[in-house]
Amino acid sequence: MTQPTVIELSGLPKQLRTVARIFAEAGFSVYLVGGAVRNLLSGKQPEDYDLATDAVPQQVMRLFRRVIPTGVQHGTVTVLFKGEQFEVTTFRSESTYSDARRPDAVEFGVDIETDLSRRDFTINGMALDLRTGVLHDPFGGRADLAQGVIRAIGDPAERFTEDALRVLRAVRFATQLQFRLADTTRAALTGRSRELSAVSMERTREELAKILLADRPSYGLGLLRDCCLLTAVLPELQSCVGHSRADGAELFTHLVRCCDLAPTKPIELRLAALLHAVAEAAGSQSSDDPPEARSATLAYRRLIALRFPNATASEVAHLIGNMAFEYRPDWAESDVRRFVSTVGDKHVDALLIVARADRLACGDTQGVQDLDELAERVARVRERNDPLTIRDLAVDGNQLAAAGIPRGPLMGRVLEALLDAVLAEPHLNRADRLLPLARQTYEQLTGEGDAHRGGRRRD
Ligand code: ATP
Ligand code: MG
């Protein structure tokens, strides 16, 4: 018999070791499972610690003072212990999955090897016995981890049929870890876009977000394309495959490269980079909107369908809708102020970042330099505290009303005209200068003071 692999436990967090001792002293087994084992074996710091035990939730709740019943029917509770939290799941074996999503029945009380056999991939199918340090690795997870392979446990086709979310998880882990899919696993998940469409949007979104936040999302998006799965996740991006842009580059390649080049936080940056030109491929459209506005609409709809928060979808659409600006070094200071005012001060930095990723992806070094210059000019506008919005004006609606301009849509137009004047010449932003200008604008708008007022058409 081969020697068991024993892992040194003294490097684990103290709270974890204490929790493990409490299980052991009560006569229960306790194992570290999932991502933490993967990370430990590849020398990475685990983010969280998932535990598996033969104790059932009621027993776990009796062992610790603070336990949240996270998902008791599935055997999961969260133990809070000295500032740390541990997700503890009772060993289980799952039976049939009639909806390809959720097991119909969960059975408790099996052993660790059975528990591992229900898990998705070999690298996720290892358990570290926290009493002895012995590593249980019945499916060769360690070897796959060393070789960089995502391999389904058991028969891949069966496992993907049981739970279609695993299709996306395979691509997600491959992307996060920069691993390849084992041939049989890859063959078994290829083309399952119809089953993937049946997975809940929330779960699809969670996996997609993890793919997009990996070091190189282009790898995962390319896998989705090659495995004929992209249609189920981002159909707009699928349309970009094989579509040539004006400069001859393939649109899909350009977009995923932009996505790689955008920073990971916040996720809006990567989403905007990825979707910023999807409408170019959407074919002949009835809408007269410019392409960036159409891309913004497509992106917004897709992100809402994927249950991204409305704030995320709106921000992405706003960024995409403003992508078409063309900065030139001969912009006047007033052009820079207008740009910030139109885009909105709080969106400008993000827009410049996404636009920069776009120029970089095109290999447009001059464009990148120009954008860096624009960023500096925007910073100077901010330093000077130049007025940029109607709220920054030296007069408000009350003062205009007092000056005889009735509230309503016309007052809105007067305020816009004042802002326009102030964006051109910030020194005009004083009440004594703006009030006469307001009056004059109002009169022009109403036709008051017009010598030929009697001739105004009244139809
Ligand atoms: P991370 O938390 O870093 O994303 P993880 O491996 O911990 O990675 P989780 O989604 O937290 O992933 O799941 C924990 C473990 O539960 C996995 O390692 C895997 O063993 C198992 N698991 C999760 N989802 C499934 C699934 N759909 N099918 C089979 N096993 C699963
Ligand atoms: Mg986890």
Side-chain angles (χ1 to χ4, degrees), residues 16 31-53 70-71 74-79 84-107 110 112-128 135-142 144-145 149-179 185 188-189 192 195-196 198-200 202-215 220 264:
L16 176 60
Y31 296 85
L32 190 63
V33 289
V37 182
R38 229 174 40 226
N39 285 338
L40 279 179
L41 291 177
S42 37
K44 290 184 219 158
Q45 186 64 30
E47 278 164 30
D48 48 26
Y49 296 90
D50 294 338
L51 305 179
T53 178
T70 334
H74 297 111
T76 304
V77 296
T78 305
V79 172
E84 281 290 330
Q85 58 179 57
F86 303 97
E87 200 158 280
V88 181
T89 306
T90 308
F91 295 154
R92 48 189 209 195
S93 65
E94 281 149 12
S95 34
T96 48
Y97 288 71
S98 50
D99 65 351
R101 263 179 282 158
R102 252 160 261 255
D104 296 332
V106 177
E107 196 190 309
V110 292
I112 186 67
E113 307 263 325
T114 313
D115 183 274
L116 292 176
S117 69
R118 73 169 173 92
R119 294 173 182 268
D120 46 11
F121 308 112
T122 59
I123 59 164
N124 291 345
M126 296 181 275
L128 175 61
L135 180 75
H136 289 250
D137 177 19
F139 310 107
R142 203 173 186 196
D144 283 340
L145 195 59
V149 180
I150 305 295
R151 186 192 314 276
I153 291 175
D155 177 53
E158 264 175 38
R159 304 312 307 284
F160 292 127
T161 305
E162 275 171 10
D163 178 4
L165 180 67
R166 291 174 189 153
V167 168
L168 214 46
R169 284 175 58 89
V171 175
R172 185 259 280 193
F173 283 115
T175 314
Q176 285 181 320
L177 301 167
Q178 311 220 33
F179 280 17
T185 297
L189 62 73
R192 290 191 186 246
E195 288 148 279
L196 204 50
V199 170
S200 84
E202 286 79 1
R203 287 171 161 224
T204 303
R205 187 217 42 241
E206 276 174 29
E207 297 302 324
L208 174 64
K210 288 179 179 174
I211 291 172
L212 295 184
L213 297 180
D215 284 346
T264 49

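The figures that follow rest on heavy atoms only: side chains count, while hydrogens, waters and symmetry mates do not. Atoms within a ligand are numbered from 1 in the order they appear, just like the ligands themselves.
Distances shorter than 4.0 angstrom do not occur between any heavy atom of Phe121 and any atom of ligand 1.
Using a cut-off of 4.0 Å between Lys/Arg side-chain N and Asp/Glu carboxylate O, Arg142 and Asp137 are scored as not salt-bridged. Under the 4.0 Å criterion applied to side-chain N and carboxylate O atoms, Arg203 and Glu206 are not assigned as salt-bridge partners.
In summary, the atoms of ligand 1 found under 4.0 Å from a heavy atom of Lys210, numbered by their order in the structure, are 4 (O). Distances below 4.0 Å separate heavy atoms of Arg38 from the following atoms of ligand 1: 3 (O), 5 (P), 6 (O), 8 (O). Here is the list of ligand 1 atoms found below 4.0 Å of a heavy atom in Asp163: 26 (C), 27 (N), 28 (N). For ligand 1 and Gly34, the ligand atoms under 4.0 Å from any heavy atom of the residue are 18 (O).
Remark: ligand 1 and Asp48 share no N or O pair separated by less than 3.5 Å (distance only, no angle test). At under 3.5 Å, not a single nitrogen or oxygen of Arg159, backbone or side chain, sits near a nitrogen or oxygen of ligand 1. Annotation: Gly35 places an N or O atom under 3.5 Å from an N or O atom of ligand 1; distance criterion only. By the 3.5 Å distance cut-off applied to N or O atoms, Arg172 is counted among the residues near ligand 1.
Partners of Thr185 under the side-chain hydrogen bond (donor to acceptor under 3.5 Å, both in side chains) rule, at least two apart in sequence or in another chain, do not exist in this structure. Legend: residues meeting salt bridge (Lys or Arg N to Asp or Glu O under 4.0 Å) with Asp50, ordered by chain and number and at least two apart, are absent.
Ring pair Tyr31/His136 is perpendicular by interplanar angle, where above 60° counts as perpendicular and below 30° as parallel.
Side chain of Asp115 to backbone of Arg92: a donor-acceptor contact under 3.5 angstrom is found. No donor-acceptor pair under 3.5 Å is formed between the side chain of Arg192 and the backbone N or O of Ala164.
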